[in-house]
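Notes to accompany the following structure.
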There are 2 protein chains.
Amino acid sequence: MTKPRPEPAGREARLSRASAGRFSLYLRHLERFEQEGLTTVSSSQLGEALGITHAQVRKDLANLGHLGQPGIGYPTHELIWALRRRFGIDREWAVVVVGVGNLARALLRYRGFRDQGFRFAALFDADTRKVGQRAEGLEIMAMERLGEIVRSTGANLGLVTVPAEAAQTVADALVAAGVRGILNFAPIVLRLPAEVSLVNVDLAIQLEQLAFLVHLAGK
Amino acid sequence: MTKPRPEPAGREARLSRASAGRFSLYLRHLERFEQEGLTTVSSSQLGEALGITHAQVRKDLANLGHLGQPGIGYPTHELIWALRRRFGIDREWAVVVVGVGNLARALLRYRGFRDQGFRFAALFDADTRKVGQRAEGLEIMAMERLGEIVRSTGANLGLVTVPAEAAQTVADALVAAGVRGILNFAPIVLRLPAEVSLVNVDLAIQLEQLAFLVHLAGK
DNA sequence: GGATGTGAACGACTTCACAGCG
DNA sequence: CGCTGTGAAGTCGTTCACATCC
């Protein structure tokens with residue numbers, strides 16, 4: 001049974017889910033600012049970049065401690081590292097991908113994952129014709145080896161890009177293998193133990209969402 | 001300049017954005033329930049399926065008028081159609097796709113789009129080697145023809161799956177061609193006129209998000 | 001002056017709890 | 001009795017406004 005908000009909380013000062021959801025955006029823009037040579041950035045600059053208010057930015061960043069200097073702004077480099085620490089991407093994440101279709105291939109190609117501390121450790125597919133082939137430099141493994149390989153590589157995240165019918169089974173296997181988080185692209189509600197984190201991305205729903213917004217706007 | 005909440009509102013009884021965001025989930029589960037032969041469904045059943053409380057379900061569905069019957073529940077079929085009407089998928093949406101990579105191919109393959117009233121009208125790519133090839137039964141067109149074809153097909157939604165550098169240019173072209181909504185997969189903040197709706201899907205961020213949740217959970 | 005940090009006001013969403021109907 | 005619809009309360013997130021500091 002999945003409670004609406006399982007979400008176990010960390011120790012540090014309470015951090016809202018909404019604010020957490022913007023952290024990777026801050027990071028991305030800060031990295032750009034740093035590359036452009038800005039040693040310091042203001043809440044207004046960040047707000048402009050993310051499309052939110054400066055007050056919001058300050059509230060979010062207050063979670064990281066008092067990094068800002070009145071009259072000046074935030075030191076870009078320090079802020080980036082404070083975010084990374086808080087974020088957990090100062091360590092490395094090993095990711096396994098289950099279901100090697102077009103979507104998985106698109107994700108494997110995404111540049112920037114490696115920079116952000118993500119490493120693809122292994123690929124799996126139930127289709128025996130795909131097993132043994134390579135995708136983006138990694139060999140595709142048979143599903144039977146999932147448990148073994150997740151354990152031996154110490155993978156902690158699983159990416160599920162299989163059809164809806166197979167998703168729960170795959171998720172169960174990943175959990176059994178000891179994965180700590182699952183990124184699910186299948187259009188179903190996965191049932192997971194509370195200690196395993198879950199992020200859902202439902203592409204079909206996004207398009208429906210858009211149609212809905214247009215529908216509402218067009219009156 | 002993009003205000004945090006441009007969102008022009010519809011006429012009917014005010015509908016919260018959060019509740020709107022669940023509509024496609026309701027629809028999906030209701031269709032499943034109907035297939036399973038349930039002519040009637042309760043707020044608890046729906047809540048269980050979506051992972052939210054029954055009170056929440058009733059609040060959401062109250063927007064559609066008084067469809068529920070105390071002691072009984074909601075008539076499945078009527079509810080589905082009430083949702084569809086409210087949703088705008090009782091009409092057809094023509095979608096053009098710009099940037100035919102793996103991600104676009106994955107989306108083109110998504111079953112269910114057609115059932116939900118979406119039709120892929122045309123594909124475009126800047127890569128001249130791809131132009132003329134076919135993907136999922138549609139010919140890939142040169143970017144130059146975008147305006148012309150959007151207009152002739154009456155396409156109202158655009159799906160942007162190009163690299164970040166090209167995304168704003170593509171979006172501008174789509175807007176100029178008269179598209180009413182854009183589903184953007186590029187990891188940048190698009191600047192659009194307020195009358196064009198926008199939904200962003202940033203896949204890289206979802207993985208970071210997951211890492212973050214795991215990080216927080218693991219204390 | 002320009003920018004941060006933050007209490008207080010505000011607004012949005014969710015849950016509670018219960019009246020009322022079938 | 002079961003289940004809906006809905007005010008009221010509660011929770012969460014955002015914006016305002018201003019004291020404070022460089």
Side-chain angles (χ1 to χ4, degrees), chain A residues 1-7 9-10 12-23 25-26 30 33 38-76 78-79 82-83 209 216, chain B residues 1-7 9-10 12-23 25-26 30 33 38-76 78-79 82-83 209 216:
Chain A
M1 165 137 292
T2 310
K3 273 280 175 38
R5 286 272 161 74
E7 179 185 8
E12 302 168 73
R14 196 70 190 86
L15 176 55
S16 84
R17 196 182 178 89
S19 150
R22 284 185 291 266
F23 272 24
L25 285 171
Y26 284 121
L30 282 166
F33 285 139
L38 299 182
T39 62
T40 199
V41 297
S42 71
S43 55
S44 308
Q45 286 174 298
L46 280 168
E48 165 76 10
L50 307 221
I52 59 182
T53 66
H54 44 118
Q56 186 70 71
V57 173
R58 290 197 298 279
K59 271 278 206 286
D60 286 345
L61 299 186
N63 280 298
L64 304 169
H66 292 209
L67 288 172
Q69 285 184 277
I72 311 285
Y74 300 82
T76 316
E78 272 90 331
L79 189 48
L83 276 163
Q209 204 65 224
L216 287 186
Chain B
M1 163 138 292
T2 310
K3 272 282 176 34
R5 288 271 162 75
E7 180 184 8
E12 301 169 75
R14 196 69 191 87
L15 175 55
S16 84
R17 196 181 177 90
S19 151
R22 283 185 293 265
F23 272 24
L25 285 172
Y26 284 120
L30 282 166
F33 283 138
L38 299 182
T39 62
T40 199
V41 49
S42 74
S43 56
S44 307
Q45 286 174 299
L46 279 169
E48 166 75 9
L50 308 220
I52 59 182
T53 65
H54 43 118
Q56 185 70 70
V57 173
R58 290 197 297 279
K59 272 278 206 290
D60 286 345
L61 300 187
N63 280 298
L64 304 169
H66 291 208
L67 288 171
Q69 285 183 278
I72 311 284
Y74 300 82
T76 316
E78 271 91 330
L79 188 48
L83 276 163
Q209 203 66 222
L216 286 186

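Residue numbering restarts at 1 for every chain, and letters A, B, ... go by the order of the sequence lines.
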Taking 4.0 Å as the cut-off, does a side-chain nitrogen or oxygen of [X] come that near to OP1 or OP2 on [N]?
X       : N      : answer
A:Thr53 : D:dT15 : yes
A:Arg22 : D:dT14 : yes
A:Ser16 : D:dC12 : no
A:His66 : D:dC21 : no
B:Tyr74 : D:dG5  : yes
B:Ser43 : D:dC3  : no

For [X] and [N], what is the distance between atoms [atom1] and [atom2] respectively, to the nearest whole Å?
X       : N      : atom1 : atom2 : answer
A:Ile52 : D:dG13 : CD1   : P     : 14 Å
B:Leu50 : C:dC13 : CG    : P     : 17 Å
B:Arg17 : D:dG13 : CZ    : C1'   : 15 Å
B:Gln45 : D:dG2  : CD    : P     : 14 Å
B:Leu79 : D:dT4  : CG    : P     : 11 Å
B:Leu46 : C:dT14 : CG    : P     : 16 Å
A:Asn63 : D:dC12 : CG    : P     : 15 Å

| request: Could you walk me through whether B:Leu46 and B:Phe33 pass the side chain to side chain contact (heavy atoms under 4.5 Å, CB included) test, one step at a time? | output: CA-CA 9 Å; B:Leu46 279 169; B:Phe33 283 138; 3.9 Å; yes

Short N/O separations, protein against nucleotides 20-22 of chain C, under 3.5 angstrom:
unit_1	atom_1	unit_2	atom_2	d
C:dG22	O4'	B:Pro70	O	3.3

| field | Closest approach of B:Thr76 to B:Leu30 (non-hydrogen atoms, all atoms of both residues) | value | CG2-O, 3.7 Å

| request: For A:Pro70 and A:Gly68, work out which heavy atoms get closest and say how close. | output: CD-O, 3.8 Å

| query | Are any side-chain N or O atoms of B:Gln45 and backbone N or O atoms of B:Ser42, one a donor and one an acceptor, separated by less than 3.5 Å? | reply | yes

| said: Test of understanding: with side chain to side chain donor-acceptor pair (under 3.5 Å), list the residues that count as partners of A:Arg58, not counting sequence neighbours. | reply: A:Ser43, A:His54

Side chain proximity check, [X] to [Y], heavy atoms < 4.5 angstrom:
X       : Y       : value
B:Val57 : B:Leu50 : no
B:Val41 : B:Tyr26 : no
B:Leu61 : B:Leu67 : no

| field | For DNA chain C, the residues among residues 55-62 of chain A that have a non-hydrogen atom under 4.0 Å from it | value | A:Arg58, A:Lys59

| field | From B:Ser19 atom OG to B:Ile52 atom CD1, the distance as rounded to the nearest 0.5 Å | value | 9.0 Å

